[in-house]
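Note sheet for the following structure.
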Amino acid sequence: MGHPTLRLFDGMENTSPQLQDDVKELQADLNQFGFNIQVDGLFGSETDARVRQFQVDQNLTEDGIVGPQTWATLEGTAAPQAANTFLTTISNSDAGMRAQFTQAQTFKAFIDAGAQRISVPSAVIAGIGSRESGWGLNLRPPGPGGTGDFGPRKFPTALRTGPLPPDGGYGRGLMQIDFDAFDFARTGNWKDPAANIDCGCNVLKSNIVLLGGKTALTGRDLLRAAIAGYNCGAGNVLTAIKQGRDLDFFTSGRNYSADVLNRAGFFQNMGWESPAQPVSAAGTTNA
């Protein structure tokens, strides 16, 4: 099992108290190397200094950030390959995310199949489903047949006569396929988890192909752009790029792709396996 990325001020009440147990583990690991730090779960200046000294001693990048390489060196394990690793600030003990992880395990075969088909890491699909529906836990009613996104929209339209669809919210099922945007959400078997996940993967793949053909983005940047497009549409991502803005500028909370990848890192830390290489615009993996 992996660890969240830690840095100065983590574990403190006004920053990230949920990371105190992780900071305690870091401090205990450092003490095994003779640093004699108080194990209090607070990443203060003393812990920061000891982390930096450890990084210097071990010929690591001295930045005070305890990521996969520093954790692996502390614990004598092999560091994961950077190409298929997503950093996370979410503690392994986060109760809400652990509940989502358990729920997502029910659908893992479908998630893995969809991810393999479109050549993206499985953890990314897990992260999208987490953000969109909490893997069904945040829907009404909870589960694959629930809906979300109950904000009223202009009406009437060719698709509906009221501000909401007649049978729930606009977001349909686990991957929250939009009622107004996709025929599948109106006439398809969107309540079926395998079909819903497959549709979500198709949306992500379409974004990869479109954005890969219209921009110079590759690798992790292209993947992040495609994830942002899952929320705000690929056209808005292209606009953000043309305007020199962050890829998430038009997404909900202006953090959608960053949050999805943060969640993907949590799933990886919990043991969720992913393909070994990142995505390319052609749908093949980059060496």
Side-chain angles (χ1 to χ4, degrees), residues 1-5 16 18-19 22 84-116 118 120-150 169-178 190-205 207 220 223-232 247-248 251-275 279:
M1 186 176 290
H3 301 278
T5 299
S16 51
Q18 71 277 8
L19 291 174
D22 301 286
N84 67 316
T85 301
F86 302 103
L87 302 183
T88 184
T89 59
I90 304 172
S91 173
N92 294 347
S93 61
D94 185 292
M97 287 298 295
R98 289 181 71 92
Q100 291 185 27
F101 177 82
T102 299
Q103 189 73 3
Q105 291 284 78
T106 306
F107 314 112
K108 192 173 191 303
F110 308 141
I111 297 167
D112 287 345
Q116 184 175 11
I118 68 170
V120 302
S122 180
V124 169
I125 307 303
I128 292 175
S130 171
R131 168 75 182 233
E132 289 289 338
S133 73
W135 282 105
L137 295 177
N138 300 333
L139 301 182
R140 303 182 202 167
T147 64
D149 188 2
F150 291 88
Y170 287 99
R172 298 306 171 106
L174 298 172
M175 300 295 285
Q176 289 292 274
I177 310 303
D178 188 82
W190 62 266
K191 294 184 179 181
D192 177 75
N196 195 280
I197 292 167
D198 195 59
C199 182
C201 289
N202 289 341
V203 174
L204 184 64
K205 178 59 182 292
N207 289 345
R220 185 67 62 88
L223 178 60
R224 186 178 162 222
I227 294 168
Y230 192 97
N231 176 255
C232 70
L247 294 171
D248 274 331
T251 67
S252 299
R254 294 186 177 176
N255 72 342
Y256 185 86
S257 71
D259 183 47
V260 164
L261 294 181
N262 194 36
R263 292 166 186 258
F266 169 84
F267 276 81
Q268 286 185 330
N269 280 351
M270 294 293 290
W272 194 285
E273 296 180 1
S274 292
V279 70

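Any value given below was found using the heavy atoms of this structure, including those in side chains, with hydrogens, waters and symmetry copies removed.
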(request) Apply side-chain contact (heavy atoms from CB on, under 4.5 Å) to the pair I111 and W135, showing each step before the final yes or no. (result) CA-CA 11 Å; I111 297 167; W135 282 105; 3.5 Å; yes
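For the atom pair CZ of F267 and CG of N262, the computed distance is 11.5 Å after rounding to the nearest 0.5 Å. Atom CG of L87 sits about 10.0 Å away from atom CG of L261, to the nearest 0.5 Å. C199 SG to I177 CD1: the interatomic distance, rounded to the nearest 0.5 Å, is 4.0 Å. To the nearest 0.5 Å, the span separating OG1 on T88 from CE on M270 amounts to 11.0 Å. If you take CG on N255 and CZ on R131, they are separated by 4.5 Å, rounding to the nearest 0.5 Å. Distance CZ/R254 to CG/L247: 13.5 Å, rounded to 0.5 Å.
There is a side-chain donor-acceptor pair under 3.5 Å between S130 and Q100. Between the side chains of Q176 and Y230, not a single donor N or O lies within less than 3.5 Å of an accepting N or O.
A donor-acceptor distance shorter than 3.5 angstrom exists from the side chain of Q268 to the backbone of F86, with no hydrogens or angles considered. Panel note: side chain T147, backbone R172; no donor-acceptor pair is recorded below 3.5 Å. Not a single donor-acceptor pair under 3.5 Å links the side chain of N92 to the backbone N or O of M1.
For the pair M175/I125, a side-chain contact is recorded, criterion being any heavy-atom separation below 4.5 Å from C-beta on. P4 places a side-chain heavy atom less than 4.5 Å from the side chain of L19. Taking 4.5 Å as the limit, every side-chain heavy atom of I90 sits out of range of all side-chain heavy atoms of N269.
Residues C201 and A115 come closest through the heavy atom pair SG-N, 4.1 Å. Nearest heavy atom pair, residue T251 against residue Y256, reads OG1-N, 3.2 Å. Of all heavy-atom pairs between S133 and G173, the closest is CB-O, 4.1 Å. The nearest pair of heavy atoms linking D248 to A228 is OD1-CB, 3.6 Å. Considering every non-hydrogen atom in both G229 and N207, the closest pair reads C-ND2, 3.3 Å. Heavy atoms only, all atoms of each residue included: L204 and I227 are closest at CD1-N, 3.8 Å.
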Return a table of donor-acceptor pairs under 3.5 angstrom between the side chains of residues 136-146 and protein atoms on other chains or two or more places apart.
none

Give the table of side-chain donor-acceptor pairs shorter than 3.5 Å for residues 101-109, with sequence neighbours excluded, one pair per line with atom names and distance.
| residue | atom | partner | partner atom | Å |
| --- | --- | --- | --- | --- |
| T102 | OG1 | R98 | O | 3.1 |
| T106 | OG1 | Q103 | O | 3.2 |
| K108 | NZ | D112 | OD1 | 3.3 |
| K108 | NZ | D112 | OD2 | 2.7 |

